[in-house]
Amino acid sequence: EPEATVIINEREKTYAITGKVRVLPCRVQKGRIVIEVPGRAEAGKPRPADGVVLLNDVLDSLGPTQETAADVIDLIKLLHNAGALKARLIVR
């Protein structure tokens, strides 16, 4: 399995995720966009059976709410700065 890595190209506003990038419990916000990963299962906030939350699932949960690529990149950086992103982050 590939190493858990997130590669961000700021100039082109793109990102790539390799491996299983885990997200630890946290809460980050950028404007109206909030990402909250609870520390334990709570009513109305289901968690996977194995307790592992992956970055791909977090980003998929944002749904069609009109985030730009720049918004998603900023959210990934916020997760990393909060110590919640369990991956190597490469910013180009």
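The first residue of the sequence shown is numbered 1, and numbering continues consecutively from there. As the structure is a prediction and not an experimental result, all values here were calculated from the model.
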Side chains of [X] and [Y] in contact at under 4.5 Å (non-hydrogen atoms):
X	Y	answer
Tyr15	Val72	yes
Arg88	His80	no
Leu85	Val21	yes
Leu24	Lys86	yes
Val37	Val58	yes
Ile8	Arg92	no
Leu79	Leu55	yes

*Is there a path from Val6 to Ile90 through hydrophobic residues (I, L, V, M, F, W, Y) whose side chains come within less than 4.5 Å of each other?*
no
*Would Ile73 and Val34 show up in the same hydrophobic cluster when neighbours are defined by side-chain heavy atoms closer than 4.5 Å?*
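No; Val34 is not reachable from Ile73 via cluster members.
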Looking at every heavy atom in both [X] and [Y], which two are closest together, and how far apart are they?
X	Y	value
Cys26	Ala84	SG-CB, 3.6 Å
Leu78	Gln29	CD1-O, 3.5 Å
Val23	Leu54	CG2-C, 4.2 Å
Lys30	Asp71	NZ-OD1, 3.1 Å

Please round to the nearest 0.5 Å and tell me the distance separating atom [atom1] of [X] and atom [atom2] of [Y].
X	Y	atom1	atom2	result
Ile17	Ile7	CD1	CD1	10.5 Å
Thr5	Leu89	OG1	CG	9.5 Å
Leu59	Leu75	CG	CG	7.5 Å

